[in-house]
Amino acid sequence: MKTFKYRFTRLTTAFIYIGIALCVIGLGVNTYSVIVSDIAAEPYPVYPIIRFVLLYLIPAILLVILISLLISSYYRIEGNILTTSFGIIKSKYKTEEINSVILDRTTNKLSVFFKNNGFIVIVVKEEWYDEFINELCKANTAIEYTVKSKENNDKDDKKK
């Protein structure tokens with residue numbers, strides 16, 4: 001079992017951390033509002049209770065989603081299964097369904113193409129491309145691996 005961590009851009013990572021900070025601040029402000037307000041003095045106490053529950057629920061759910069993005073975003077090759085995880089969203093693919101892997105050096109993208117004409121783009125550190133491809137080819141030796149070079153677009157593709 002080999003796991004490759006998802007690579008977020010710096011801007012995306014900054015937005016995730018800003019979102020986490022805003023969720024924590026929101027939970028703190030909501031706690032202060034609950035302490036300061038007098039729910040019993042309200043003519044209809046049901047509405048403030050619903051409001052406070054929602055004001056806790058929304059930042060709490062967003063906090064869980066943002067933290068799961070940081071912790072649980074990866075690609076894993078286990079036996080004959082390729083698992084992609086993006087936070088709380090997970091997908092599993094059988095390596096027998098993979099037709100080819102293309103490393104495009106002009107765009108620096110690693111794409112995995114399936115027999116059903118679908119594809120996914122693998123977003124990991126560039127240093128891990130070779131290791132990822134080797135692990136994938138170990139799981140299924142019938143996978144065709146192609147490198148599109150920067151100098152020669154379609155004429156001299158390197159095939160393995």
Side-chain angles (χ1 to χ4, degrees), residues 1-31 52-160:
M1 171 177 69
K2 185 67 179 173
T3 302
F4 300 90
K5 191 83 172 138
Y6 191 91
R7 182 183 55 93
F8 290 107
T9 63
R10 288 185 179 143
L11 183 63
T12 305
T13 305
F15 278 132
I16 290 172
Y17 282 119
I18 290 169
I20 289 172
L22 289 174
C23 288
V24 170
I25 290 169
L27 289 171
V29 168
N30 293 339
T31 303
F52 287 128
V53 167
L54 288 176
L55 286 174
Y56 271 112
L57 216 57
I58 293 169
I61 290 171
L62 286 174
L63 187 65
V64 168
I65 290 171
L66 291 173
I67 290 174
S68 72
L69 280 176
L70 287 177
I71 294 174
S72 182
S73 293
Y74 59 84
Y75 301 96
R76 180 177 291 156
I77 301 170
E78 266 183 296
N80 291 334
I81 302 290
L82 169 64
T83 304
T84 62
S85 176
F86 189 69
I88 57 176
I89 301 170
K90 293 188 185 346
S91 300
K92 292 188 178 188
Y93 306 97
K94 293 181 180 179
T95 56
E96 295 90 34
E97 298 295 320
I98 297 174
N99 193 23
S100 64
V101 176
I102 297 178
L103 175 58
D104 190 352
R105 292 285 184 193
T106 57
T107 59
N108 253 347
K109 301 276 187 208
L110 180 64
S111 304
V112 176
F113 290 88
F114 297 97
K115 292 179 181 175
N116 64 357
N117 294 330
F119 73 96
I120 58 174
V121 176
I122 305 299
V123 185
V124 294
K125 290 182 180 178
E126 292 176 25
E127 305 89 57
W128 296 348
Y129 283 168
D130 290 334
E131 190 177 352
F132 181 85
I133 293 165
N134 287 337
E135 289 293 322
L136 203 55
C137 288
K138 281 182 195 174
N140 181 3
T141 56
I143 294 174
E144 180 182 332
Y145 169 48
T146 307
V147 176
K148 289 187 177 182
S149 64
K150 289 181 181 178
E151 296 83 27
N152 305 330
N153 286 342
D154 292 329
K155 294 179 182 175
D156 291 333
D157 286 346
K158 179 179 152 187
K159 293 190 178 183
K160 187 175 184 180

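In this text, all values refer to a predicted model and were calculated from it rather than measured experimentally.
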Worked verdict on L55 versus V29 for side-chain contact (heavy atoms from CB on, under 4.5 Å): CA-CA 10 Å; L55 286 174; V29 168; over 6 Å; no
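- One finds the CG atom of L110 at 5.0 Å from the CD1 atom of I133 (value rounded to the nearest 0.5 Å).
- Residue-environment remark: NZ (K90) exceeds the threshold of 12 foreign heavy atoms within 6.0 Å.
- Listed by chain and number, the residues in a ring pair (Phe, Tyr, Trp, His ring centres under 6.0 Å) with Y56 amount to none (sequence neighbours excluded).
- Taking the six-membered ring where tryptophan is involved, the planes of F86 and F8 are tilted, since the angle between them lies from 30° to 60°.
- With hydrogens and angles ignored, the 3.5 Å screen pairs no side-chain donor or acceptor of Y145 with any backbone N or O of N134.
- Looking at heavy atoms from C-beta onward, L82 lies in side-chain contact with F132 at the 4.5 angstrom threshold.
- The two residues I16 and L66 come nearest to each other via the heavy atoms CG2-O, 3.8 Å.
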Evaluation steps, side-chain contact (heavy atoms from CB on, under 4.5 Å), between T84 and Y6: CA-CA 9 Å; T84 62; Y6 191 91; over 6 Å; no
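- With sequence neighbours excluded, the residues forming a ring pair (Phe, Tyr, Trp, His ring centres under 6.0 Å) with F113 are F119, listed by chain and number.
- To the nearest 0.5 angstrom, L103 atom CG is 9.0 Å from E126 atom CD.
- Around CG of N117, the count of heavy atoms belonging to other residues, nucleotides or ligands within 6.0 Å does not exceed 12.
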Steps toward side-chain contact (heavy atoms from CB on, under 4.5 Å) verdict (L63, I20): CA-CA 6 Å; L63 187 65; I20 289 172; 3.8 Å; yes
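- Of the possible polar contacts, one joining the Y129 side chain to the N108 backbone as a donor-acceptor pair under 3.5 Å is found.
- With hydrogens and angles disregarded, a donor-acceptor distance shorter than 3.5 Å links the side chain of K5 to the backbone of I71.
- Distance alone, capped at 3.5 Å, is enough to place a donor-acceptor pair between the S73 side chain and the G87 backbone.
- Here the straight-line distance linking atom CD1 of I88 with atom OG of S68 works out to 5.5 Å at 0.5 Å rounding.
- Shown here for L27 and A60, the closest heavy-atom pair between the two residues is CD2-N, 4.3 Å.
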side-chain contact (heavy atoms from CB on, under 4.5 Å) between K94 and I81, intermediate numbers included: CA-CA 5 Å; K94 293 181 180 179; I81 302 290; 4.1 Å; yes
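- Nearest approach of I77 to L136, heavy atoms of both residues: CD1-N, 3.7 Å.
- Sequence neighbours left out, the pairs with a member in residues 12-21 that pass side-chain hydrogen bond (donor to acceptor under 3.5 Å, both in side chains) are T9-T12.
- Taking each heavy atom of A139 and N80 in turn, the nearest pair found is O-OD1, 3.1 Å.
- Residues R7 and V124 share a closest heavy-atom pair of NE-O, 3.3 Å.
- In this model, no donor atom of one side chain and acceptor atom of the other lie less than 3.5 Å apart for K92 and T83.
- Here the closest heavy-atom approach between residue V112 and residue I98 is recorded as CG1-CG2, 3.7 Å.
- Inspection of the T107 and K148 side chains reveals no N or O donor paired with an N or O acceptor under 3.5 Å.
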